[in-house]
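In this text the structure is predicted, and so the values were computed from the model without any measurement.
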Amino acid sequence: MTPSVSPQDLVARLRATFDAGRTRSFEWRRAQLQALRRLLIERESELAAALNADLGKSLFEAVNTETGFVLKEVDYALRHLQRWMRGHRARTPMMVWPGSSRVQPVPKGVVLIIGAWNYPVELLGSPLVAALAAGNAIVLKPSEVAASTSAALATLLPQYLDNEAVTVVEGDADVTTRLLEQRFDHILYTGNERVGRIVMSAAARHLTPVTLELGGKSPCIVSADADIDVAAARIAWAKFLNAGQTCIAPDYVLVEESARQPLLAALRERLLKSYGEDPSRSADYGRIVNARHLARLQASLTGLKIHVGGQIDPGSRYLAPTIVVDPPLDSALMQEEIFGPILPVLSVKDAAQAIAFVRERPAPLALYAFTRDRALQRQVSEDLQAGSACINDAIVFRVSPQLPFGGIGPSGMGRYGGWYGFETFSHMKAVMKRSFRFDVELRYPPYNATKLWWMRRL
Ligand code: NAD
């Protein structure tokens with residue numbers, strides 16, 4: 001946003017574009033998605049450089065979890081857009097024959113998307129795909145914490161997208177606060193629970209619906225019957241991806257007592273294989289986003305039993321992949337979302353104790369279990385409250401555009417991804433069409449017993 005444009009004028013401009021009907025057509029939506037596709041391909045190296053500056057992301061991670069991820073969402077939306085926009089027919093009750101009924105998706109209007117810093121391209125880009133596909137005018141607010149990526153998005157997006165309908169607003173919490181004073185038709189916020197409450201209160205003033213993509217502590221249960229080597233490889237990958245700064249990273253492991261030593265050994269082995277003797281020299285291992293978060297993570301390790309890692313270099317915002325054994329349950333590590341490369345491993349007697357542990361705590365964004373036990377698999381998929389569940393792997397459920405992504409309770413509300421994102425940014429309008437033929441007297445007063453008899457039956 002140029003400083004001369006107030007949030008009020010900005011939203012008014014986008015609303016005028018929306019009201020003029022420009023964003024509604026299939027052609028406009030397709031053209032915008034195709035333009036975003038070109039941006040992601042042509043400017044991949046600029047985005048990857050910004051992600052590297054902010055988070056030390058390797059090119060592989062930048063493509064796999066950010067640009068390439070959004071590209072797949074774009075392609076999926078382009079493939080399905082026409083069908084999504086068509087809506088669907090619904091049955092028409094006999095009472096209102098002759099007539100036809102349909103559910104017609106229509107854009108909500110002017111929407112606000114507020115991103116977080118840990119996947120700054122994905123967390124803005126994926127909701128953007130959904131909001132464009134749904135035909136909205138859009139304000140994008142990248143996180144100021146990932147400053148290089150925010151600047152890159154603010155430079156690149158206007159070069160490709162319709163500037164009368166899509167705008168990037170950079171800035172800190174004050175800027176977000178001023179934006180939130182405006183009336184939007186939907187707000188999608190990704191970030192922490194505290195700000196989630198602020199966003200929801202601001203939205204309430206205008207009765208604006210919200211999608212809140214929040215965080216929490218995602219547990220990971222490991223049974224003794226699991227393939228421990230495969231489990232360790234997948235857990236280590238999911239935890240140390242982006243240096244642990246992933247909302248759906250396994251936050252902590254609950255391992256059955258008899259599998260504890262084999263798991264700890266296999267995790268150590270895997271870390272060595274992935275990042276070498278000194279992970280600070282691995283180009284594939286990321287960095288903590290800023291000094292404040294590094295200090296928070298460092299403090300959380302004080303006095304704990306470290307199995308692997310723990311090394312810190314404040315100059316390069318480096319914290320080694322770290323595994324902590326049996327931290328006290330009242331430690332910061334076990335009380336707050338870790339959001340960094342520290343994996344606590346806690347022993348449990350059996351699956352029942354693990355289930356009870358998870359049940360006693362707030363509903364997480366994701367829940368993982370490595371097990372061959374069908375009963376435990378069923379409990380994890382059906383009985384325990386969590387935004388998503390994944391059996392015998394972690395994080396990878398995000399690659400499916402057919403699955404909704406969102407939390408429950410303190411981990412968020414609403415969802416996006418593929419159709420679910422389109423649905424989030426659309427209003428599902430009920431449309432019934434009747435003909436002038438056949439106007440049955442039944443519904444009109446004066447009423448009588450015969451009319452009542454017929455009304456009951458119809
Ligand atoms: P952040 O600091 O980047 O904040 C996110 C946005 O909130 C920014 O755009 C910022 O400008 C705005 N903001 C900050 N303070 C504000 C205030 N007082 N008023 C109004 N706006 C304000 O990100 P964060 O919160 O540190 O993100 C980390 C959290 O996000 C973790 O809890 C993580 O689990 C969660 N997260 C969730 C998802 C998900 O998809 N569910 C994805 C990524 C991160």
Side-chain angles (χ1 to χ4, degrees), residues 15 17-33 73-74 76-113 126-138 165 183-188 203 206-212 400-406 408 413-458:
R15 197 165 288 288
T17 305
F18 179 75
D19 288 345
R22 169 162 164 172
T23 65
R24 287 180 184 263
S25 72
F26 169 71
E27 288 72 24
W28 183 89
R29 302 185 201 197
R30 183 179 56 187
Q32 295 307 302
L33 289 168
E73 291 261 347
V74 172
Y76 188 80
L78 280 169
R79 265 205 311 282
H80 294 88
L81 186 58
Q82 219 152 12
R83 193 166 52 77
W84 290 345
M85 285 180 67
R86 214 177 293 141
H88 62 270
R89 288 171 65 90
R91 279 189 51 178
T92 303
M94 200 201 285
M95 182 94 172
V96 278
W97 283 358
S100 64
S101 308
R102 56 184 296 102
V103 179
Q104 183 61 56
V106 292
K108 283 193 171 169
V110 182
V111 304
L112 171 63
I113 297 171
S126 295
L128 171 64
V129 171
L132 286 174
N136 295 281
I138 304 157
R183 180 173 73 80
F184 289 95
D185 301 299
H186 193 95
I187 299 174
L188 184 146
H206 301 289
L207 287 181
T208 297
V210 292
T211 303
L212 299 180
S400 170
Q402 311 251 356
L403 291 175
F405 180 56
I408 177 171
M413 63 180 69
R415 64 206 68 80
Y416 68 105
W419 155 260
Y420 298 95
F422 176 82
E423 187 187 36
T424 288
F425 286 106
S426 298
H427 168 62
M428 296 296 156
K429 191 176 190 178
V431 179
M432 184 179 279
K433 195 160 120 192
R434 302 226 41 221
S435 94
F436 289 118
R437 285 184 296 129
F438 242 10
D439 197 34
V440 185
E441 274 298 316
L442 177 69
R443 70 165 141 173
Y444 301 116
Y447 305 125
N448 57 35
T450 313
K451 284 186 172 182
L452 182 63
W453 187 90
W454 274 108
M455 190 270 286
R456 283 189 203 283
R457 267 139 204 90
L458 284 169

**Request:** Locate the shortest heavy-atom distance separating P93 from R91; write the atom from each residue and the value.
**Result:** CD-O, 3.8 Å
**Request:** Might you point out which heavy atoms bring W84 and G418 nearest each other, and give the distance in Å?
**Result:** CH2-C, 3.6 Å
**Message:** Between V110 and R183, is the side chain to side chain contact (heavy atoms under 4.5 Å, CB included) condition met? List the steps.
**Reply:** CA-CA 9 Å; V110 182; R183 180 173 73 80; over 6 Å; no
**Asked** In terms of the angle between their ring planes, are Y416 and F405 parallel, tilted or perpendicular, with boundaries placed at 30° and 60°?
**Response** perpendicular
**Side chains of T208 and L112 in contact at under 4.5 Å (non-hydrogen atoms)** = no
**Message:** Test your reading of the model: is there a side-chain donor-acceptor pair from K108 to the backbone of A131, 3.5 Å cut-off?
**Reply:** no
**Backbone N/O of A133 and side chain of R29: donor-acceptor pair under 3.5 Å** = yes
**Message:** On the six-membered ring of W453, is R457 placed so that its NZ or CZ lies under 6.0 angstrom from the centre and within 45° of the ring axis?
**Reply:** yes
**Prompt:** Does any N or O in the side chain of R102 come within less than 3.5 Å of the main-chain N or O of A90, such that one atom is a donor and the other an acceptor?
**Reply:** no
**Test item: H80 and W419 side chains (from C-beta on) under 4.5 Å apart, heavy atoms** = no
**Asked** Is any side-chain heavy atom of L78 closer than 4.5 Å to a side-chain heavy atom of R30?
**Response** yes
**Prompt:** Are D185 and R15 within salt-bridge range, i.e. N to O under 4.0 Å?
**Reply:** yes
**Item:** K451 and W454: CA distance, side-chain angles, deciding distance, side chain to side chain contact (heavy atoms under 4.5 Å, CB included) verdict
**Value:** CA-CA 5 Å; K451 284 186 172 182; W454 274 108; 5.8 Å; no
**Asked** If we only count heavy atoms from C-beta on, is the Y420 to L403 side-chain gap below 4.5 Å?
**Response** no
**Item:** Side-chain donor/acceptor of T92 to backbone N/O of S101, under 3.5 Å
**Value:** yes
**Prompt:** If you look at every heavy atom in A203 and V210, which pair is closest and at what distance?
**Reply:** CB-CG1, 3.4 Å
**Asked** Of the non-hydrogen atoms in F438 and W97, which two are nearest, and what is the gap between them?
**Response** CD2-O, 4.5 Å
**Message:** Looking at H88, is its backbone amide N or carbonyl O close enough to the side chain of Q104 to form a donor-acceptor pair, meaning the two atoms are under 3.5 Å apart?
**Reply:** no
**Item:** Nearest atoms (heavy-atom pairs only) where P401 meets Y76
**Value:** CG-CD1, 3.5 Å
**Fill in**
Interatomic distance, CG@L128 vs CG@L188, rounded to 0.5 Å, equals 11.0 Å
**Backbone of F18 reached by a side-chain donor or acceptor of T23 within 3.5 Å** = no
**Item:** Whether N136 side chain and I138 backbone form a donor-acceptor pair below 3.5 Å
**Value:** no
**Request:** Working to the nearest 0.5 Å, report the span between CG of L81 and CZ of R86.
**Result:** 10.5 Å
**Fill in**
What one should report as the nearest heavy-atom pair of F422 and P105 is CE2-CB, 3.8 Å
